[in-house]
Amino acid sequence: MSQLRSLAGALRSSSQWMRGHVGRRVFDPRRNCSSGAAEPSLAACSSSYVVEMYYAWLEDHKNVHESWDAYFRNAQASGSEATGEKRLSALLQGRAMSQTPAMNSSLKNKNLLKLYPQAIQDVDEFFPITSLAHCGSYGLEESDLDKSFQLPLTTFIGGNESTLPLREIIHRLETSYCGHTGVEFMFINNMEQCQWIRQKFETPGIMTFSDREKRTLLARLVRSTRFEDFLARKWSSEKRFGLEGCEVLIPALKMIIDKSSEAGVESVIMGMPHRGRLNVLANVVRKDLDQIFCQFDPKLEAADEGSGDVKYHLGMYHERINRETDKNITLSLMANPSHLEAVDPVVQGKTKAEQFYRGDTEGRRVMSILMHGDAAFAGQGVVYETFHLSELPSYTTHGTIHVVVNNQIGFTTDPRMARSSPYPTDVARVVNAPIFHVNADDPEAVMYVCKVAAEWRNTFNKDVVIDLVCYRRFGHNEMDEPMFTQPLMYKQIRKQEHVLKKYADKLISEGVVTLQEFEVCVSLYGNLITVSLCKVKICCFPDFFKPDGEPKSMSCPSTGLNEEVLRHIGEVASSVPLKDFAIHSGLSRILRGRADMVAKRTMDWALAEYVAFGSLLKDGIHVRLSGQDVERGTFSHRHHVLHDQEVDKRFCIPMNHLWLNQALYTVCNSSLSEYGVLGFELGFAMASPNALVCWEAQFGDFQNTAQCIIDQFISAGQAKWVRHNGIVLLLPHGMEGMGPEHSSARPERFLQMSKDDPDRYPEFTGDFEVQQLYDCNWIVVNCSTPANYFHVLRRQILLPFRKPLIIFTPKSLLRLPEARSSFDEMITGTKFLRIIPDGGPASKHPEKVKRVIFCTGKVYYELAKERKRLKLEEDVAIVRLEQISPFPFDLIKAEVEKYSNAELIWCQEEHKNMGYYDYIRPRFLTVHSKNPIWYVGRDPAAAPATGNKFTHLAELKRFLDTAFNLEAFKGRSF
């Protein structure tokens, strides 16, 4: 549309100028346009930029580049000064209007209606209008329509012709841009990319298909349509979220995959919502039909492929031969929840991981396809977050093809109530992704658009969006009644002829196929549906587990290291491996401090993390740390990336200089996103069990922005989809007087979702610790020593299975002198301690101990300091709970029995209705029902912490006083 407006206006006012200035193309990156003899072509530049240049030129001719000055002078010279300015203003106004959602209800455009299969959408509300009947709006007269004009170098409508009558120019532009396809690309600020798109859509006769291609398309439409017909007949009362109204999605995906395979792609990772998922599984990924049908009929035997979720959420991984290219291709459709678009960053993360492990640095072998609904694509913020990862160096997947199934409705909500933008796809403009709108009832147009999209991704390695403008033949699901809310729309839809019949009739009339051949094609697929195929049981991480999906062992080796390894990594962490590299003076002090600790055989938190990561790299385990400001660390403690203070953009990652044949360490500051980035890292962790993938929140408080990923994927992913994942969440947590948004990682929420039974003492044979970890859905820890932090990171990889690990990491303890660990706690033979018993005088005479305080995390150091001040080391024992979930029943039982005469206290710095108390209390009663466990901590509150420093300290003093008041609970009932 914008092409038609701009070119028609430009030809009238500057035809003589264009005839006189035909020359070679010149691209000026400052202007992002192409011109002859350095003059800018108005048709090739964005309207807003032209307007800006024009008004700057009106103020002072020196305000613009000399080429713009020459152009504006030439435009004025074509007539009187007043007429020239009037014409130029009209041109600019026409260009500007073509780029905005003009609300013009008085005009009708039959061409735009071609985008809409049911042709009932009020398109005037959204689209600007251009037709021959309104030439006067652009300073044109009827007689001008038969005049021939020189075509600008920026258009391809002429083919081999350099001049055309205006009437033919308008006709060809309408054919290119106002038929069953609509193209948005003029906002892209790259002339080469714009010209590439123009060539694909403007070249006369370019959208043609051979008879063989048409027959293949018909066969694929038959499969797509007949699959839905069969399910509708066989299980008419079941929800399946069928594809009726957009059956062309199946051949569309297959075209994208064919063209991508032809270009060298070996693996395609896909994500999609529920609508059409079963059809995609059956006809694109080729999941065995009996495995789909068993989800409908309880009498059929179900394969163990995620039976914990509904059938239209499940995924599939399959390797097969692509029949069009005769090449191997791996197709993976990710399982996802009903939370629309939540799977987007997960797909991108898994794609990035596959590219990383294959050494595919340009995305030539692995790619992603994301399918969306129109309402969710416009409405869900994670779409925007995912787009903004698309060109970041540590997150790019080198181009994703987005396919929007545009039902023109969201459940029961009309587009005018669902979005403020003209199109559901407008969010893609932020990353300069071209958008191809296409009528889904024109299968050949859809195939061509998909072919162009695949070629775009292969050529430019950038995102592209296909907007399949279709309809939903039934309601939100098959049981829903859409006539309640969209009566007119659904009256029209019920009259709509099925796309398969329309396309079959078209090919029969063209002589491409006969009616008999078509009927044979339909019956062949009908026979295929009724045949029971072999069941396939697919295992997550097949080389990591045994063939039946079970761990190869049920034990975990020691996580300690040889002292030489500890010392070597510590020395590298204390140095700069590059010569002539100028570091900040403050960083020099930090490195000297690390060297001093290594010499004294001690470690703080940052160094313990460094050693844990470095030791895994030595064993060939890839380590990836991602999140906001993780390179330096929120609290300026990590410094894994050193920056030269004198040379811009020169940096060094010492951890990649530890060993000659080590694995790569990736540390990357993320965009300011939690939802999108955590989803991305979760996807990355899905690709291989031999990688430690960590996401760190800037503060633990901010993890709730990613709550959907935590709830739907991390907590329940294995139960729903039988997919192990070893992602690590590092959540800074602790009451430091920093206010309600910088204090709590909300441990109570993670513990509430832990699935261990509080009322049953677990009975295990063999290794209790490992068996308990295998049975849980995730592991929650709050380490109080650097050594335990070191061990839990290494244990995450050395375990014979994978579980998500939630670590509440410290803030003030990062620099607390008392919170350091000796090499002796990390050497060979040592391991992660689920609890740390009291090692002081109280432990020597446990029968004399009056009170045992159980706690976790930072509060231990405040308790220990207060106990020492009060000289109660013999009367009060303090036991640290390091692994909170799964709850260490066996070790807690031993401690309670050890101090058989003592009163039991749980002390936490969090408020009573938060933190750990509600989780540990019933479990303590299961261990020892005779003794109550009393609560000491802050009172219940609505906010996680106070914002007043004085109040914070007063609360701390109050609960410390209670913790060591041995008479506090006398005479009270539990």
Side-chain angles (χ1 to χ4, degrees), residues 558-561 563 566 597 600-605 607-608 734 768-769 781-792 795 808 810 812-814 816-884 887-909 916 920 924 927-928 931 933 936 960 963-964 966:
S558 164
T559 48
L561 291 173
E563 185 162 341
L566 294 175
M597 281 190 290
K600 294 177 179 177
R601 299 182 71 251
T602 61
M603 289 196 185
D604 64 3
W605 292 85
L607 193 52
F768 184 97
E769 176 183 352
V781 303
N782 188 353
C783 301
S784 63
T785 69
N788 238 13
Y789 179 50
F790 157 85
H791 283 298
V792 81
R795 187 184 73 170
F808 301 118
S812 62
L813 298 192
L814 295 172
L816 187 70
E818 292 82 4
R820 291 188 180 179
S821 296
S822 166
F823 276 23
D824 293 334
E825 301 170 61
M826 306 164 73
I827 58 175
T828 305
T830 58
K831 66 172 188 175
F832 175 74
L833 302 176
R834 289 178 290 154
I835 72 166
I836 300 180
D838 193 302
S843 64
K844 294 182 174 60
H845 302 285
E847 70 282 356
K848 296 180 181 180
V849 172
K850 299 174 183 177
R851 175 173 288 184
V852 181
I853 300 177
F854 291 90
C855 66
T856 186
K858 175 184 75 73
V859 74
Y860 163 75
Y861 292 94
E862 291 158 336
L863 288 167
K865 182 179 178 181
E866 184 69 5
R867 180 179 64 172
K868 184 176 180 181
R869 186 183 71 82
L870 297 172
K871 297 180 180 178
L872 291 174
E873 287 98 331
E874 294 184 356
D875 298 313
V876 179
I878 304 176
V879 179
R880 287 172 267 177
L881 187 60
E882 301 283 292
Q883 177 178 295
I884 307 157
F887 189 74
F889 286 95
D890 54 333
L891 301 182
I892 294 296
K893 181 179 180 182
E895 289 298 305
V896 171
E897 291 175 350
K898 177 180 178 179
Y899 301 101
S900 57
N901 300 322
E903 186 179 47
L904 305 183
I905 298 292
W906 175 262
C907 182
Q908 65 179 40
E909 57 181 352
Y916 320 91
I920 66 95
F924 264 90
V927 168
H928 196 75
N931 287 18
I933 180 156
V936 173
L960 287 177
F964 293 102
L966 301 182

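FYI, side chains are in, hydrogens and waters are out, and symmetry mates aren't considered; it's all heavy atoms of this structure.
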Next item on the list: Nearest 0.5 Å please: distance from the CG atom of Asp875 over to the CG atom of Leu966.
Entry: 6.5 Å
Check: Is there a side-chain contact between Val852 and Ile905, using heavy atoms and a 4.5 Å cut-off?
Finding: no
Next item on the list: Quick one: pull up OG1 in Thr856 and CG in Asn782 and give me the separation to the nearest 0.5 Å.
Entry: 4.0 Å
Margin query: For Ser900, give me all partners under side chain to side chain donor-acceptor pair (under 3.5 Å), at least two apart in sequence or on another chain.
Written below: none
Margin query: Can you list everything that forms a side chain to side chain donor-acceptor pair (under 3.5 Å) with Ser821? Sequence neighbours excluded, please.
Written below: none
Next item on the list: Looking only at non-hydrogen atoms, find the nearest pair between Ser558 and Thr828 and report the distance.
Entry: OG-C, 4.3 Å
Checklist line | Under 3.5 Å: donor-acceptor pair, side chain of Asn788, backbone of Leu833 | finding: yes
Notebook entry, point to check: Which atoms form the tightest heavy-atom contact between Cys907 and Ile853, and what is the distance?
Noted result: CB-CG2, 3.7 Å
Check: Any idea which heavy atoms bring Ala842 and Tyr899 closest together, and the distance?
Finding: O-CE2, 3.9 Å
Item checked: Set of residues satisfying salt bridge (Lys or Arg N to Asp or Glu O under 4.0 Å) with respect to Lys600, sequence neighbours excluded -> Asp596
Checklist line | Note, Ile920 side chain near Ile933 side chain (heavy atom, < 4.5 Å) | finding: yes
Margin query: Going by salt bridge (Lys or Arg N to Asp or Glu O under 4.0 Å), name the residues that satisfy it together with Glu874, two or more places apart in sequence or in a different chain.
Written below: none
Notebook entry, point to check: Is there side-chain contact between Met603 and Leu566, with at least one heavy-atom pair below 4.5 Å?
Noted result: yes
Next item on the list: List in chain and number order the residues that pass salt bridge (Lys or Arg N to Asp or Glu O under 4.0 Å) with Arg795, two or more places apart in sequence or in another chain; answer none if no residue qualifies.
Entry: Glu769
Next item on the list: Keeping the roles fixed (side chain from Trp605, backbone from Pro810), state whether a donor-acceptor pair exists under 3.5 Å.
Entry: no
Check: Quick one: side chain to side chain contact (heavy atoms under 4.5 Å, CB included) partners of Ser822, sequence neighbours excluded?
Finding: Arg601, Asp824, Glu825
Check: Looking only at heavy atoms, which two atoms of Lys893 and Val927 are closest? And how far apart?
Finding: CA-CG1, 3.3 Å
Note to self: Using the side chain to side chain contact (heavy atoms under 4.5 Å, CB included) criterion, which residues pair with Pro888? Sequence neighbours excluded.
What the structure shows: Arg834, Ile835, Leu881, Asp890, Leu891, Ile892
Next item on the list: Using the side chain to side chain contact (heavy atoms under 4.5 Å, CB included) rule, take Val896 and Leu904 through it: C-alpha gap first, then chi angles, then the decisive distance, then the call.
Entry: CA-CA 8 Å; Val896 171; Leu904 305 183; 4.1 Å; yes
Next item on the list: Tell me, with the steps shown, if Tyr860 and Ile878 meet side chain to side chain contact (heavy atoms under 4.5 Å, CB included).
Entry: CA-CA 8 Å; Tyr860 163 75; Ile878 304 176; 3.5 Å; yes
Check: How would you list, by chain and number, every residue that makes a salt bridge (Lys or Arg N to Asp or Glu O under 4.0 Å) with Glu895, sequence neighbours excluded?
Finding: none
Notebook entry, point to check: Can you list every ring pair (Phe, Tyr, Trp, His ring centres under 6.0 Å) pair that touches residues 833-855, not counting sequence neighbours?
Noted result: Phe854-Phe924
Margin query: How long is the straight-line distance from OG of Ser843 back to CD of Glu873, given to the nearest 0.5 Å?
Written below: 11.5 Å
Check: Are side-chain heavy atoms of Leu561 and Met826 found at a separation under 4.5 Å?
Finding: no
Next item on the list: Scan residues 897-907 for pairs that pass salt bridge (Lys or Arg N to Asp or Glu O under 4.0 Å), counting only residues two or more places apart or in two chains.
Entry: Arg851-Glu903
Checklist line | Contacts of Asp604 that satisfy side chain to side chain contact (heavy atoms under 4.5 Å, CB included) - sequence neighbours left out | finding: Met597, Ala606, Leu607, Arg820
Margin query: Closer than 3.5 angstrom, by distance alone: can the side chain of Gln908 be matched with the main-chain N or O of Tyr916 as a donor-acceptor pair?
Written below: yes
Checklist line | Considering all heavy atoms, the nearest Pro786-Ala608 contact | finding: O-CB, 3.4 Å
Notebook entry, point to check: Do Phe832 and Val781 touch side chain to side chain, with heavy atoms closer than 4.5 Å?
Noted result: yes
Below 3.5 Å, can you tabulate the donor-acceptor pairs from side chains in residues 861-869 to any protein atom, sequence neighbours excluded?
from	atom 1	to	atom 2	distance (Å)
Tyr861	OH	Ser784	O	2.5
Glu862	OE1	Lys858	NZ	3.4
Glu862	OE2	Lys858	NZ	2.9
Glu866	OE1	Arg869	NE	3.3
Glu866	OE2	Arg869	NH2	2.7
Arg867	NH1	Asp838	OD2	2.7
Arg867	NH1	Val876	O	2.7

